[in-house]
Amino acid sequence: MVAKKSTGATRKTAEAATSGLPKAASTAPGPVAAPGELPVRPGEDPWTPDEVAEARSELSSEVLRLRAELEASEQAISGLMRDSGDGAGDDQADTGTKNITRESELALAANATLMLEQTERALERLEAGTYGFCENCGKPIGKARMQAFPRATLCVDCKQKQERRH
């Protein structure tokens, strides 16, 4: 099985990027910020235009890197699938190694696809003015968290609650 590139059909639109906000928060004027006026937590300095541009640039370059990684991964998987053949002439260890390599490459491709979708969604949220708002509670995620993990969609409290449930 060859990993597929992310298509427009699998990505959420900028409009859909706002749908993760609670209903009460999405209708209130607070949860949508103009690009460049991103939310911050109490005690944090506001986002500067340079910091917003840096976040956008970082996300854009990450999209390009992940697309290149997926393309290379697709080629590797294609080669592994072609080489797997019927296994004639291979001993059990060779067959097992090929299977493990193929499964590992498929897992890496799936992870890269997920990261690409998250990164593209973060860019869409940045353009929609919802970047930096928690999709669960609607409160600011925090500038420091967004700079450390630009794909974050949950504030620390909501992320901890989510992890405790799983």
Side-chain angles (χ1 to χ4, degrees), residues 1-74 76-77 103-166:
M1 170 175 248
V2 176
K4 294 183 181 179
K5 289 184 183 175
S6 177
T7 62
T10 61
R11 293 185 304 131
K12 293 188 177 188
T13 64
E15 179 180 316
T18 63
S19 66
L21 292 172
K23 292 295 179 203
S26 63
T27 57
V32 176
E37 297 177 10
L38 301 176
V40 293
R41 295 181 67 146
E44 289 182 326
D45 292 331
W47 287 84
T48 66
D50 288 343
E51 289 170 333
V52 175
E54 183 180 335
R56 182 177 284 110
S57 174
E58 183 180 329
L59 288 167
S60 296
S61 64
E62 184 72 359
V63 165
L64 294 175
R65 184 190 70 77
L66 287 166
R67 285 182 180 160
E69 183 179 319
L70 276 172
E71 188 174 315
S73 185
E74 286 176 3
I77 291 169
E103 291 301 317
S104 175
E105 195 63 42
L106 287 168
L108 289 172
N111 184 52
T113 300
L114 180 62
M115 286 181 59
L116 176 61
E117 289 171 358
Q118 290 174 349
T119 305
E120 288 173 334
R121 185 159 175 235
L123 274 171
E124 291 166 353
R125 292 181 75 216
L126 188 59
E127 297 306 317
T130 60
Y131 186 78
F133 286 107
C134 178
E135 289 186 343
N136 189 40
C137 68
K139 295 179 183 173
I141 292 173
K143 180 179 172 183
R145 177 164 165 73
M146 295 307 295
Q147 287 176 324
F149 185 65
R151 294 183 305 271
T153 58
L154 300 175
C155 66
V156 173
D157 292 339
C158 290
K159 185 65 177 173
Q160 288 174 341
K161 289 176 189 172
Q162 180 191 53
E163 288 175 353
R164 280 193 292 259
R165 283 187 290 235
H166 294 289

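Expressed to the nearest 0.5 Å, how far CH2 of W47 lies from CD of E54 amounts to 8.5 Å. In this structure, the separation between OG on S104 and CD1 on I77 is 9.5 Å, given to the nearest 0.5 Å. Taken to the nearest 0.5 Å, the CD atom of Q162 stands 13.0 Å off from the CG atom of D157. With values rounded to the nearest 0.5 angstrom, L64 atom CG is found 11.5 Å from L59 atom CG.
In terms of heavy atoms, E105 sits closest to S73 at OE2-OG, 2.9 Å. For the pair A109 and L70, the tightest heavy-atom approach, listed with the atom from each and the gap, is O-CD2, 3.4 Å. The two residues P150 and E58 come nearest to each other via the heavy atoms CG-OE2, 3.2 Å. Looking at every heavy atom in both residues, L123 comes nearest to V63 through CD1-CG2, 3.9 Å. When all heavy atoms are compared, the tightest approach of C155 to C137 is SG-SG, 3.9 Å. Closest of all the heavy-atom pairs between P46 and K143 is O-NZ, 3.2 Å.
Two residues are said to be in side-chain contact when any heavy atoms from C-beta on lie closer than 4.5 Å; F133 and I141 fail this criterion. By the 4.5 Å heavy-atom criterion applied to side chains, Y131 and R56 are not counted as neighbours. Taking the side chain as every heavy atom from C-beta outward, E120 and R67 approach each other to under 4.5 Å. Contact check for K161 versus N136: no side-chain heavy atoms found under the 4.5 Å cut-off. No side-chain heavy atom of T113 sits under 4.5 Å from any side-chain heavy atom of L66.
Other residues, nucleotides and ligands contribute over 12 non-hydrogen atoms within 6.0 Å of the CD atom of E44.
Using a distance-only test at 3.5 Å, with no hydrogens or angles considered, no donor-acceptor pair links the side chain of R151 to the main chain of Q118. The main-chain N or O of A144 is never found under 3.5 Å from a side-chain atom of R41 such that the two would form a donor-acceptor pair.
R121 has a carboxylate O that lies under 4.0 Å from a charged side-chain N of E135, or vice versa, which qualifies the two as a salt bridge. Note on R65 versus E69: salt bridge recorded, some NZ/NE/NH1/NH2 to OD/OE distance being below 4.0 Å.
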